[in-house]
Amino acid sequence: MFPPLQDAYRIAPELVLFVFGLLVMLMDPFVPRAHRGITATIALTGAALGAAAIALPRANLGLAFNGLLRIDEFSIFLHAVVGGATLLVILGSAEYLERENLPAGEFYALVLFATAGMGVMVSAQEMVTAFIGLEISSISSYILASFRRDVPRSNESAIKYFLLGSFATAFFLYGVALGYNALGTTRLAQLHVALTSSTPGVLATLALALMMVGLCFKVAAAPFQIWTPDVYEGAPAPVAALLSTGPKAAAFGLLLRILFVAFPSQGERWLWVVWISAALTMCVGNFAALLQSNMKRLLAYSSIAHAGYILVAFAARNELGIAAVLFYLAAYALAKLGAFLLVAHLGGAGERHMEIDDFAGLGERQPVAAACFSVFLLSLLGLPVTAGFLGKFYIFKAALDSKLLWLVVLMALNSVVGAYYYLRVIVVMYMREPKDDAPPLPMSLDLGLVLLLTVAGTLFLGLLPNLVMGYATQAATSIR
Amino acid sequence: MVPSSYYLVLGAVLFGLGVIGFVVKRNIITIFMAIELMLNAVNLAFVTASRASGQLDGLVYVFFVIVVAAAEAAVGLAIIILVARNRQTLNVEHLDLLKN
Amino acid sequence: MPNTYLLTIVTFLPLAGTLALLLLRREDHEWIRRLALVTGVAEFLISLFLLRGFDPANPFYQHEEMRPWISSPPINYHLGVDGISLFLVLLTTFLTPLAMLASWKSIEHRVKEFFVMLLVLETGVVGVFVSLDLALFFFFWEVMLIPMYFLIGIWGHERRIYATVKFVLYTMFGSILMLVAILWLFNSSGKATTGGTFDLPVIQALLQAGKIPLGHTAELLLFGAFFLAFAIKVPLFPLHTWLPDAHTEAPTAGSVILAGVLLKMGTYGMLRFCLPLFPNAAREFAPYIEALAIIGIIYGALVAMVQTDLKRLVAYSSVSHLGFVVLGIFAFSPISVQGAVYQMLNHGVSTGALFLVVGMLYDRRHTHEIGEFGGLATPMPIFAALYLVACLSSLGLPMLNGFVGEFLILLGTFGAHPRAAALASTGVILSAVYLLWSYQRVIYGPVTIEKNRLLPDIDLRERVILFTLAAVMLWMGVASPMFTRRIAASSELVLNQMQRPEPQPVEATLPPAAQPLAMKADQP
Amino acid sequence: MTAGLILFFVLAAVAVGGAVALIAARHPIHSALALIVVMVALAGLYLLQGADFIAAVQIIVYGGAIMVLFVFVIMLLNAGVEERTNFSRMAPYVGLPLGIFLLLELAYWVWRAPAISRTGPAGPVDTKALANMLFNQYVFPFELTSLLILIAILGAIVLAKRES
Amino acid sequence: MRLLDHLWIIPALPLLGAALNGLFGRRWPKRTVDSVAVGSSGLAFLAVLEVIREFSRLPADQIPWTRSYFDWIVAGDFHAAFALQVDQLTVVMLLVVTGVGWLIHIYSTGYMAHEGGYTRFFACMNLFLFFMLVLVMAANFVVMFVGWEGVGLCSYLLIGFYYLKKSASDAGKKAFIVNRIGDFGFMLGMFLIFRTFGSLDMQTVFGAAALMAPEWSGGVITAIALLLFLGAIGKSAQVPLYVWLPDAMEGPTPVSALIHAATMVTAGVYMVARSHVLYEHAPLAMMVVAIVGAITALYSATIGLVQTDIKKVLAYSTVSQLGYMFLACGVGAFSAGIFHLMTHAFFKGLLFLAAGSVIHALGGEQDMRRMGGLRKRIPWTYWTMLVATLAIAGAPGFSGFFSKDAILEAAAAGQYGNLIFHILGLLTAGLTAFYMFRLLFLTFFGNSRFDEQQVHVHESPRSMLIPLAALAVLSLAGGWVAAPAYWGGTDRFEKFLNPVFVAGEKKSATALSGPFWDVFGKAMSESRAEVALVFAGIAVLVALIGFLIAWWFYIRRPQTPERLAQSFAAPYKLLLNKYYVDELYDAVIVNPLKWLSTRVLWRAVDDGVIDATVNGVAREAQRIGGRARQVQSGNTRSYAAWVIVGAVLFIAILLWPV
């Protein structure tokens with residue numbers, strides 16, 4: 001039963017990422033420090049090719065590796081999101097790595113590997129395989145979080161992330177094991193069959209609960225959101241950018257497959273978990289952000305809040321909901337990446353200027369950066385013209401289709417609360433005088449490109465969503 | 001013949017003890033050990049299920065879990081060393097630079 | 001329907017102007033201003049073409065444009081104007097160049113951004129008035145918040161940040177629930193058309209034909225969600241407290257647009273959505289809404305009376321005046337509704353003028369405190385005269401615009417609710433009190449503060465602004481049928497649309513006017 | 001009560017005792033030793049279930065490699081007796097009771113769950129079949145684990161190496 | 001071309017003058033300004049004469065002559081055209097307005113010659129004429145309201161003409177606001193008319209009302225009439241809204257003469273007379289009108305007794321005379337009311353102009369206690385003023401004699417007459433004679449009480465004296481048009497107006513044999529001329545008594561007033577302070593309203609409740625946020641505890657209620 005060659009096409013993105021990760025890792029020692037650009041270029045090429053390689057699986061949809069993976073539009077879509085995020089992170093972090101004097105080769109390699117892991121997560125049909133993918137991305141993330149080795153905050157961020165992350169994955173794994181006990185399989189489709197063919201026992205439900213614990217932790221849903229602000233704050237800003245997008249998208253993808261492919265029959269039950277978690281997550285994220293003064297923490301809380309919004313779409317339990325999740329993930333990733341990478345740039349050497357007040361007068365000092373940042377914030381806030389609005393729009397719609405009126409109202413009110421702190425940042429940037437005359441930081445071409453892509457993407461999704469939403473809808477129907 | 005549920009209960013107890021260990025212990029290394037304990041409990045569950053159902057898959061999973069645990073251990077301990085080096089403490093409660 | 005591009009041009013010309021502005025260097029203040037003004041004036045002139053080919057007898061939408069935009073859910077780029085929105089568009093395009101002219105000298109820093117924001121705002125506001133797709137409407141509705149946010153926040157006065165954040169949050173609070181309601185409506189419409197529709201005329205027709213089943217509670221909730229958004233915008237007592245702050249802190253141009261146009265979005269929304277879509281709920285709530293409107297009229301006037309800050313005073317006067325409009329709308333009488341629409345325009349012109357007047361004072365003295373002025377008739381006689389005209393227009397002197405609207409509203413309301421109209425009429429007395437009292441304190445008496453003695457009278461630019469407005473006030477006050485003739489059919493249609501037949505068997509056909517649209521919406 | 005059952009209870013007692021000791025011990029080295037005891041006991045339980053290959057792996061990889069790594073690090077860092085700080089109020093007042101509750105809950109539900117019908121062979125696992133499965137059907141995750149280990153090595157190096 | 005077809009020209013002329021002066025006058029020399037102003041008003045007067053000439057040839061069935069010029073307000077069923085009309089009543093008003101208006105314009109060129117704001121003054125005066133003409137020519141209530149409010153505006157502007165003086169701008173504001181209270185009533189009246197009749201067109205409304213059976217129309221018509229009367233109370237300064245008129249004397253004297261004596265303040269009377277059909281259908285409203293008129297007449301006359309400011313005396317006198325006119329209307333003698341309106345315009349205009357001349361002569365002095373002995377020094381002024389005083393006091397043969405007499409007669413014997421009204425009227429007549437002669441004596445007789453060194457008394461220029469003379473002639477002879485039979489006349493005035501007033505009365509007259517139909521009425525119907533003569537005799541007698549007392553007090557025994565003031569200190573003070581009504585309004589309405597608005601509505605409700613709630617919600621959100629952040633203690637153990645909480649929670653929810 002050795003897998004056929006076609007399966008290699010189906011994992012082409014992972015292979016590309018893996019190969020280029022290796023390449024970067026191995027070549028880095030031989031690249032003179034003066035030519036660090038070479039490393040970056042290779043990594044970038046890897047990421048770009050990895051993202052482009054989704055064309056191959058797209059042409060070869062189907063199960064791979066004896067049904068361990070399932071390459072469908074859903075996985076393609078999330079591959080694109082994850083791969084795109086990686087591409088942007090790599091593009092946006094060269095300047096940062098240079099400035100902070102971090103080992104670029106290892107950094108890129110880990111990012112590429114992590115992306116491969118996320119790729120596995122979103123296509124996995126079998127839970128242990130998914131778990132390995134999850135661990136690949138997690139362990140890479142732990143390392144990346146502590147990348148500023150001499151910075152106590154970075155270490156602390158890594159150790160917290162590591163301990164709690166492992167803790168949570170243990171829950172996930174235990175859930176898989178219990179499910180295996182109860183239903184005799186760890187494959188999504190068969191789980192579904194087992195669940196529907198006979199009345200499932202308590203054990204299966206328990207298994208679902210534990211798996212949800214693990215994944216909700218990864219996506220930072222309440223009450224497992226607690227690690228997020230600490231980790232994002234301590235981790236190097238580009239890593240935070242990655243963490244808040246790629247692994248999150250992948251974990252949402254996995255959660256989605258579990259809930260919608262394996263456990264739809266339990267929908268009436270997990271609905272309430274998702275419902276309550278969504279409500280809690282939105283509230284905690286938004287309210288806690290109100291008084292936040294550190295930019296990275298603010299963005300962290302905001303990403304918690306957004307996880308809550310996405311869970312609302314889960315609660316909708318319909319196809320539009322799935323599509324909305326996907327669309328939202330893309331929209332959210334664009335804004336979040338742009339924001340975090342911009343923050344990484346503006347934070348200055350050693351990330352000294354991470355307080356919101358440090359952004360005072362940015363509108364005058366660096367109008368372009370401030371304008372881009374505003375676009376990201378407005379997208380996160382969900383104002384029209386930006387992708388965030390349509391994302392929210394779709395979620396509302398999906399949830400209303402399922403008559404989740406009160407959850408929708410709660411989400412609506414939450415987005416008003418959210419508006420307060422997003423707008424506060426804009427206030428600081430445009431309406432306050434700068435504290436001191438910090439000289440404008442020259443922006444590198446890379447970062448400029450990142451901003452161009454993210455802003456353009458945000459506006460593109462906000463104004464012409466048909467293409468992406470079309471893919472997302474296709475993806476939503478493809479998972480079953 | 002031991003009923004498989006016995007094994008499962010033992011696994012649950014061990015998993016629970018691991019969970020308790022995480023909140024009770026202060027030393028990072030010990031906490032990490034508690035996590036390893038949880039993974040062990042998982043393995044027990046996998047083996048039990050595998051043996052009960054006669055599938056070999058469960059054993060393969062155990063295999064993977066052990067590898068993952070090893071990888072986690074390598075990275076985790078490296079991070080722990082880094083923390084210990086920079087912060088001169090292994091008490092997790094002293095790591096509170098990042099809060100609120 | 002024939003597709004024209006006029007409305008698209010009118011909507012997006014300002015945006016095109018901003019693109020041109022972005023090409024200019026930041027330092028070229030003079031050219032930035034000129035280009036912006038040229039854009040604004042061109043926009044106004046082009047918008048006048050809307051009048052051409054506008055058939056006053058046709059109550060339905062005209063100059064319609066319909067293009068698919070988002071395929072799923074089907075959001076269409078559907079634009080059109082009827083008698084209600086036509087003049088609101090014109091009001092917007094008319095006030096914007098004036099606001100620009102008023103900002104000519106008072107905005108000295110970040111000039112480029114300022115005019116960009118002003119133009120973006122214009123696009124947003126025009127978009128709100130011409131959108132016939134609920135989602136598109138909401139799109140513009142929210143978009144316009146951003147430039148306003150910046151206008152107040154960057155170029156405002158001392159407490160600008162508090163004011164602007166309050167403004168945006170208040171508005172968003174209301175509007176986000178409206179979004180929920182819009183989606184709900186969309187979903188309900190799914191029962192009548194495959195996949196549902198956001199298209200306002202179609203939804204309206206379906207609702208009226210009873211093809212979209214809306215339970216009583218559902219209708220109340222939907223109405224509530226829409227109404228809350230609009231009531232905040234209007235603002236209706238007791239949701240008005242953002243307004244004095246926002247107005248007071250905004251730069252002159254911001255206040256003009258805010259008072260002149262943005263508030264009308266609220267009353268426009270009530271007329272366009274609340275009444276025709278949810279007539280039963282509207283009728284049920286009407287007594288309470290009218291009560292609030294009357295409270296607003298009297299309350300706003302009384303509070304305005306005792307303000308010491310001139311701009312705040314004008315702001316509270318808006319609360320009072322918009323109370324009339326809401327009252328007129330919810331009296332459901334053809335006369336009062338037309339009066340309400342007309343009063344929207346009047347309020348835009350006269351309160352706009354008052355804010356411009358206050359702005360001119362601010363440009364000279366950098367204060368809005370009434371106590372800082374006094375005796376300005378001596379150094380600034382022309383200003384004093386034009387200020388008086390603005391006051392008189394605002395207090396509803398016959399032959400100026402304010403009277404016609406107020407009169408029609410009260411006349412129409414009286415027919416249905418004599419007591420309500422009688423109570424509201426006291427606002428007529430009170431408006432004279434606060435306006436004339438403040439006018440007296442600013443203009444009359446001896447010059448008490450030395451600085452005021454040598455204030456220059458208004459210059460040519462300012463004269464152009466105020467004379468234009470004065471001319472319009474007079475014109476609207478004397479030749480009101482030119483406007484109401486075009487308003488009439490559409491506003492009566494609103495009331496007709498409130499008629500609901502008894503629940504009919506399923507075969508009920510759509511009204512002929514809506515049929516082609518409904519079919520279009522059915523297509524993928 | 002069969003011998004198997006007795007053996008199970010003995011090993012289970014050892015495992016649970018080890019786990020409790022892990023928690024109770026104040027010095028990390030004691031905890032590490034307690035964990036090793038648990039692992040060995042678990043290996044015994046695997047044997048009892050006929051999974052002898054897994055038992056061997058458990059001893060070699062877990063007991064032999066991973067735990068040695070732990071002990072090594074404990075020694076390296078010269079970790080002393082655990083400080084019994086109590087900065088966290090959540091942990092003792094919420095975490096611990098709920099942790100115990102979770103334990104009981106899990107154990108209860110697992111106990112209550114209908115036993116899986118025993119269909120599998122009682123005899124020892126066919127290691128060859130296991131290998132076949134690992135390298136054929138599960139070759140993809142197997143290869144993935146190699147990536148995982150590569151990452152682990154890379155990470156360990158990046159993090160632990162002293163800056164020149 | 002008939003001017004009748006272009007009625008708009010009449011109001012347009014002064015409007016043109018106002019526009020020219022308003023827009024360009026600042027750059028013009030004074031001569032041009034006053035040429036424009038006087039010219040336009042004069043032309044308007046000529047136009048009126050021409051219109052009257054053409055009007056007199058119209059067949060009766062074309063009267064009222066109505067011309068509609070453009071649609072002004074159209075909405076739903078409501079349609080208001082800018083329509084003007086001419087009938088006999090309008091003709092009288094037109095003559096008064098343009099005639100007196102023109103004379104006062106001429107007078108002003110002299111009076112205002114040395115004042116600042118010359119252009120502004122004339123622009124406003126012309127504008128006033130425009131609005132006043134619109135008011136009297138309006139063919140529907142909305143257009144009438146245009147004039148109604150417009151004259152109020154001009155009054156506001158002209159009272160506050162000396163805007164540097166706070167009292168002046170205060171007075172202007174007060175006038176406008178108090179008028180607005182009346183306008184509020186007027187508006188409601190219009191709404192009710194529209195609700196009842198579906199139109200605001202006067203012919204339609206009156207036509208419909210005339211056909212109504214009284215018993216049906218009672219409630220609504222009464223309400224309409226009372227609401228309209230509220231408007232009249234405001235505009236014509238009746239109790240309780242008269243307070244603005246005395247203050248309005250802050251304006252330049254020609255303004256007082258034109259607006260606050262001759263024309264604007266009589267608009268209320270005109271409106272009531274114009275709407276007589278409605279009033280005749282509402283006996284209760286009629287009674288209210290009569291009562292208010294009678295009370296006002298007496299009440300303000302008492303205040304006038306003790307005032308020392310020459311213009312204030314005249315102001316209270318005006319209020320009092322307006323009360324007379326309302327009394328006339330209230331008892332159903334509309335034509336008598338209008339007649340008095342006309343004669344009053346002559347003699348009160350003259351009084352004001354003469355007073356202005358006095359003030360002018362004394363360099364701005366208005367306090368009669370610092371006048372005296374001017375008889376010889378400004379003879380023209382003295383003589384004209386004497387004529388006016390005789391007229392107002394009701395000296396036989398003077399215009400006031402006829403009009404006042406007609407009112408008193410109607411008060412007693414009119415359809416709605418009542419002896420009490422008659423007695424009140426008589427009392428007022430006596431008081432009037434007293435205070436007018438008091439004024440005359442204090443000003444022109446005795447010794448001069450001003451500083452001769454400072455003040456250079458001089459007779460006014462010819463531009464002022466000519467209007468004085470003209471008005472004196474009118475005051476003297478203006479009443480003859482209505483000379484009753486016993487005087488040898490034929491009461492032409494009443495007959496002239498009959499088509500207006502009788503038209504509507506025909507139907508209702510029979511029904512009106514109510515409680516007011518007393519002995520005098522019956523007696524009169526039997527031998528009208530004799531009874532009228534008796535009435536006239538009584539009135540003259542009363543006036544004579546007033547005159548004699550004044551003569552006794554101020555010529556014969558000049559110390560008497562002071563002694564009286566001391567011995568009746570309390571009533572005197574009450575009168576001097578105008579019954580403390582201003583203070584009462586301040587204390588009961590103005591100040592509580594300010595307090596309410598500031599303390600309660602603004603500070604307590606707006607800031608304290610609504611905004612506090614809003615900000616409180618924001619604060620509360622932040623507080624919750626602070627709580628939420630507390631969770632983020634940074635302690636990993638706590639975080640782990642949260643994970644456990646979550647796990648337990650998830651399990652609990654999923655297993656619930658298994």
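This structure is a prediction, so every number in the text was calculated from the model and none was measured. Per chain, numbering begins at 1; letters A, B, ... match sequence-line order. Any value given below was found using the heavy atoms of this structure, including those in side chains, with hydrogens, waters and symmetry copies removed.
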**Message:** Just to be sure I understand the criterion: a residue of residues 608-633 of chain E counts if one of its heavy atoms is under 4.5 Å from a heavy atom of chain D. Which ones qualify?
**Reply:** none
**Message:** Do E:N179 and E:F176 make a side-chain contact, defined as non-hydrogen atoms from C-beta onward lying under 4.5 Å apart?
**Reply:** no
**Request:** Name all pairs fulfilling the ring pair (Phe, Tyr, Trp, His ring centres under 6.0 Å) condition that reach into residues 56-81 of chain D, sequence neighbours left out, sorted by first residue then second.
**Result:** B:F32-D:F70
**Message:** I want to check something: taking the side chain as every heavy atom from C-beta on, are E:N635 and D:M90 in contact at a cut-off of under 4.5 Å?
**Reply:** no
**Asked** Which residue pairs pass the side chain to side chain donor-acceptor pair (under 3.5 Å) test when at least one of the two sits in residues 639-652 of chain E, sequence neighbours left out?
**Response** A:D230-E:Y639
**Message:** Which atoms of D:F87 are under 4.5 Å from chain E, going by heavy atoms: the side chain, the backbone, both sets, or neither?
**Reply:** both
**Prompt:** Does some side-chain heavy atom of E:V243 sit less than 4.5 Å from a side-chain heavy atom of E:D247?
**Reply:** no
**Message:** Just so I know, are the side chains of D:L154 and D:I157 near enough to count as touching, which here means a heavy-atom distance under 4.5 Å?
**Reply:** no
**Asked** Are any of the side-chain heavy atoms of E:L188 and E:L230 separated by less than 4.5 Å?
**Response** no
**Item:** Neighbour count above 12 (heavy atom, 6.0 Å) for D:F53 CZ
**Value:** no
**Message:** Suppose a student defines contact as a heavy atom less than 4.5 Å from any heavy atom of chain D. Which residues in residues 142-171 of chain E would they list?
**Reply:** none
**Message:** Contact between D:L102 and E:I651 at the side-chain level, heavy atoms closer than 4.5 Å - yes or no?
**Reply:** yes
**Message:** So E:I224 and E:F197, do their side chains get closer than 4.5 Å, heavy atoms only?
**Reply:** yes
